[in-house]
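One structure is given below, encoded as structure tokens.
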Amino acid sequence: MVARKKLGGALGEMFKTAMQRPVTESYPFGRKVVAERFRGRLDIDPVKCTGCSICEIVCPAGVITMVPVGMKTIGSRQVEVKRPSFELYTCISCGQCVDDCRFGALTLTHDFELAVFHKESLVMKKALVVDK
Amino acid sequence: MTPVQVAELLLFPGLTFFVCLAFLFEWLERKTAARMQGRLGPVVTGPFGILQPVADFFKLASKEEIVPSESDPFVLRWGPALYFAAPAMGIAFIPVIGYQSVIYHPLDLLFMLFVLAFSTLMASLLGYASAGRYATIAMGRLVVQYTSYGVPLLISIVTPAVLAGSLSLQGVAEAQGPVWYVFLAPVAFAVFILSSLAELEKPPFDIPSASTEIVGGWMTEFSGNALAYVKLTKNLSYVFLSALAVTLFLGGAGGPVLSTNQVLQAFAFTCYFLVKLFAVGFLIFAIKTGLARIRIDQAAKVFWTIITPLSLAQLAVAILLR
Amino acid sequence: MSDETGEERKEAGAGLMQYSPEGMMPFGPVHPSLKEPEYFKLILEGEKIVQVIPRIGYVHRGIERAAQERTWVKNIYLFERICGICSFAHSISYTQAVEAISPFEVPDRARYIRLVVAELERIHSHLLWLGLVGHWAGFDTLFMWVWKDREHVLDLEEEITGNRVHKSYSTFGGVRKDLPDNIGEKAKAELGYIEKRATYYKDLVQSEETLAVRTRGVGRITQETARKLSPVGPLLRCTGIGRDVRVEDPYAAYDEVRPEVQTSKDGDIASLLVLRLDEVLDSCRMVKEALEKIPAGPVKAAFPRTVHEGESSFHVEAPRGELFYFVKSAGGSVPERVKIRTPTMANLLTATEMLKGQTLADVPVVLTGMDPCFGCMDRVSVFDVAKSKGWSVSGEELREYGIEYYRRKRG
Amino acid sequence: MADFRTGLTQWARKRSIWVFHVNAASCNGCDIEILAALTPRYDAERLGVELVPSPRHADVLLVTGTLNPLMRDRLKTVYEQIPEPRHVVAIGACALGGGVMKDCYNVGHGIDSAIPVDLYIPGCPPRPEAIIYGILKLVTGIPDPIITGEANVG
Amino acid sequence: MRQTSADLLSKLADKLGGTLRDGPKSTVITVTPDKAPEACIAVSSLSGLYHLSTITGIDLGDEIEILYHFWEGKRFVIVRTDVPKSVPRIRSVADAMPSATLYEAEVQDLLGVAFDGNPYTGRRLLLPDDYPAEAPPPLRKDADPEKIRKMMKLE
Ligand code: SF4
Ligand code: SF4
Ligand code: SF4
Ligand code: SF4
Ligand code: SF4
Ligand code: SF4
Ligand code: SF4
Ligand code: SF4
């Protein structure tokens, strides 16, 4: 196919585009509905979490640290009870922990408005409180 | 000078009016480009984002000014003001309310040529003084580009003067009562618009300020106040060149006389002028939005081998028509 | 006339000559485009480039080393993040390399899904690249349009995988989730739109004069050079050598949904533009075909957490060409060694070859033309070695130059 | 008069945000999304955001990537070239804390070790809306969300 | 495309005093370090095998294994050689096969194997110029990422 040479070949398309409605979405003035599978911020259900540490083992970004929250007696033994704490600022939302948590405690929400002024605001310690 | 004249010079239809127009032009430019690209463009600053350029200006003006250590602080300080002066002087000669301009001189067309050359000279001086590496490359390109579009620009300005037999803007505008020169000398008009694109550093001739090749061109090292004024000056030049095109080719502020009332008629003339001004401005945005940048050697070639001969031919035709 | 412009060009170049070799660019423009910070030293004679010395490593992170300390699964996420443009190519290359060690049969449906997402990624990547060429050629309108259209592909990708950029979708034994319901219709509609636009762009890049003069005959490479320097992907195919991993060494479902290899003879940037748009059209066709042919069944089979002892070389055709993985396993829970050779690395030498003889103004177009990863002028330092005129390309001299350069730098 | 001037300045600074982008050893993912935020679908120019080619023209520095040693000094240079008042926005898990590359030998743990950061936008990569939200947050100062659980409050 | 026959390759291996192992996806020719460049040039001049995919270096403990991957059709032909860690040195093939230049430079940078005659000798390609001299090349087994990060003041 040999195309004709022309100057300003884009002009026609330009005016056509100008007549159409802009494709710009209304966010941040309107709400944004993201795709069903969108992987946003990680969330934990503290009630379901048993402190099994699998998520800590599988996380590729080292987001999760297990923090001791108390002692528990199983049979005759005293065991340390741990709960995960999440440094969400390095979380890559890959969902590996969600897949591997056998108790369904973890979910990826659709939340993406996460900008913060202090990094510490993104440390999720939700699971640490409930057990006390 | 009478106080009325001073007021005219500073307020309407002088500096203030044209500075407002300059802001408006930038807004329009951004908005139309956005729409043509399928976007919205500025919306939050003022109604429809109309105050966006104003916000940009005041923000820049309030910022710290960094003077690079190798640069010439004197030129950097006073250069932008002089640079601003070039189009600011030029606009005073443009007749807006009817055929009467604020300042008049029988040879003011020649002064326009001086203004155009002066603003390029100031730009290269500023680029040189800031001593940035990119600025220096940009300066080289600016000079090359100027030498190639200077001649056709000059010829295309002289053509209407020849047709009108006058070397004053008022004379040229008045002579277009019966028929606008854009119809008599369409080639000269086209050449003028193309050369204006080069003078304004807009695509396809935005070579001296090609942001993807040499960063900000000769403006790379500017910041704060100086940058604010340099940007404003570029927009003012934009308005100035469009106004010049209106005066030289589109019959200035001329148009049907609607009323005998002096004030009302002045208002009508101003409206005619503005409509034509925006039409020319719009033509320039459309061209610049739809084209890619070409290379400096290609630009020089286009100007020397195509545009200059064309404009010469047009001049010859104009002399014959005369 | 032409003499005059020649004179002027020299003048313009004269400005550059004032810079001493020590005059490295300041940090300069870190450009908004998504280039990686690479650094080319351009050696000029006037405005003409006579030699180019690349220095990479501005984005070196040490991924290969870290991989040796992480489990097999964690590495999927790590490798994918080598790059945000061909992220999925990285993950399928790695997962398939590991599956080849075992050896392990992946369910058919998963193979098809991998193909679909890989082709979607190719479309998005090529469009991204086209926009950048427009941008670097000073044609911002084209950039905006193309990126506007690219969003349609990203929507599809997000719908299928859950993320626009890092898909985290391929895993050992298949993919992590099945395709969403009725993706077929949606894909057909969106791809129809992309096809329409790609056809228009193909016409535009050939007909628009200002773009054509910037790209035609610029950055030309010949077949001989290509054979010598082993570039990959479109850069190789634009010289007329029709090599494509998808055809020669099919992986995923490429033996059932076959691509048509696009080639071109000119070997310049203009031909790359057309070639890549042809590939976009072909990919659209393949995605549609694959979605029709796709068999039902599971999308993931259970894969053991440790991998057999063994090694495997695997490559896939990423949007920019052959992406090579070498995986060595000692049978543990972590890999012994993973070697990655990205397309850009293979194309780098060719890019320097393409730059030679061009003028400074062509640099961004040529670099982008080859690959957006190097579409960056950020750290191009410009200096002139007028004395060493007529430099040949021999490695020896290049080395000498390097040594001399470093000696001078130390002072 | 002075009040008017400061008012004007504040108004202007909120509405005109010129950004300069530095890729400090990132994977391109975040960079694409920054660029995408300027393209028609998201069009950050609505809010007065403009990408500028020189740090001297910028108000806000967007930094992505893991900050390897080669880029660290250069990042500092760019930072110094930006005229006051200036803000730094770190974008992406890598720029916030190393992200998935945390334990590679050639990466830093967040760009706040090199230059002061005003705003953090997490994500890998954050979607363009998240970047737009971040810039909006930077100029309006919406307080941080509480996602940390009650333990963090007060 | 016809593939280079295994016969041809095994003859080549014999001539160089090396051994040949044929797998489903790859054919490996193992030679001594001094013969490796010769082997590479010989392989690359076989008609279909001009494409050098990459060069891999692997730290095996006492030796560093270097692999040259050539691609043809459905398989790779790999030239393999072991360089002793005590004298990590090998001749470069960059002048006969320019495509090897950067791959060699990469191995040189990350594993500390000197390629005599490579234009990047003595220069860094990937690592920062001030990479700590006392630290081993990063892909060696004895290199500790943590320590390197400390030395480069990344913490
Ligand atoms: S979140 Fe799930 S995987 Fe993690 S500790 Fe709790 S129960 Fe275990
Ligand atoms: S799933 Fe298996 S490997 Fe993982 S922690 Fe549990 S027992 Fe260990
Ligand atoms: S989503 Fe991924 S990165 Fe985030 S905590 Fe889970 S496993 Fe770690
Ligand atoms: S893939 Fe290789 S070159 Fe790239 S970061 Fe990892 S080790 Fe460095
Ligand atoms: S070649 Fe470019 S797009 Fe592909 S992985 Fe490398 S950087 Fe990414
Ligand atoms: S060539 Fe590929 S691996 Fe190397 S720096 Fe570029 S994107 Fe990263
Ligand atoms: S890349 Fe260059 S031309 Fe495009 S928006 Fe940025 S500065 Fe402007
Ligand atoms: S945060 Fe994710 S997308 Fe951004 S640079 Fe890092 S790896 Fe890439």
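Labels below follow one simple rule: chain letters A, B, ... track the order of the sequence lines, proteins then strands, and each chain is numbered from 1.
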*Checking heavy atoms, do the side chain of D:Gln10, its backbone, both or neither come under 4.5 Å from chain B?*
neither

*Kindly indicate whether the side chain of D:Glu45, heavy atoms from C-beta on, has any atom under 4.5 Å from the side chain of B:Leu40.*
no

_D:Ala12 versus B:Ala55, closest heavy-atom pair with distance_ = CB-O, 3.4 Å

*Option that, when pairs with chain B are counted at under 4.5 Å, heavy atom only, ranks first among D:Leu8, D:Thr39, D:Ile17, D:Ile82*: D:Leu8

*Heavy-atom donor-acceptor pair, D:Arg13 side chain to B:Ser62 backbone, under 3.5 Å*: yes

*Quick one: closest heavy-atom pair of D:Leu38 and B:Arg39, and the distance?*
O-CD, 4.1 Å

*Honestly, is B:Lys59 close enough over D:Trp11, meaning NZ or CZ under 6.0 Å from the six-membered ring centre and within 45° of the axis?*
no

*Using non-hydrogen atoms only, which part of B:Leu51 is less than 4.5 Å away from chain D: side chain, backbone, both, or neither?*
both

_Spatial distance of atom CZ (B:Phe58) from atom CZ (D:Arg5) [nearest 0.5 Å]_ = 9.5 Å

_For B:Tyr229, is the OH atom crowded, meaning more than 12 foreign heavy atoms sit under 6.0 Å from it?_
no

*By a 4.5 Å heavy-atom criterion (distance strictly below it), what part of D:Ala44 contacts chain B: side chain, backbone, both, or neither?*
neither

_Tell me which of these, D:Thr9, D:Val49, D:Asp59, has more heavy-atom pairs under 4.5 Å with chain B than the rest._
D:Asp59

*Close contacts, residues 30-38 of chain B versus chain D, judged by heavy atoms under 4.5 Å*: B:Arg30, B:Gln37, B:Gly38

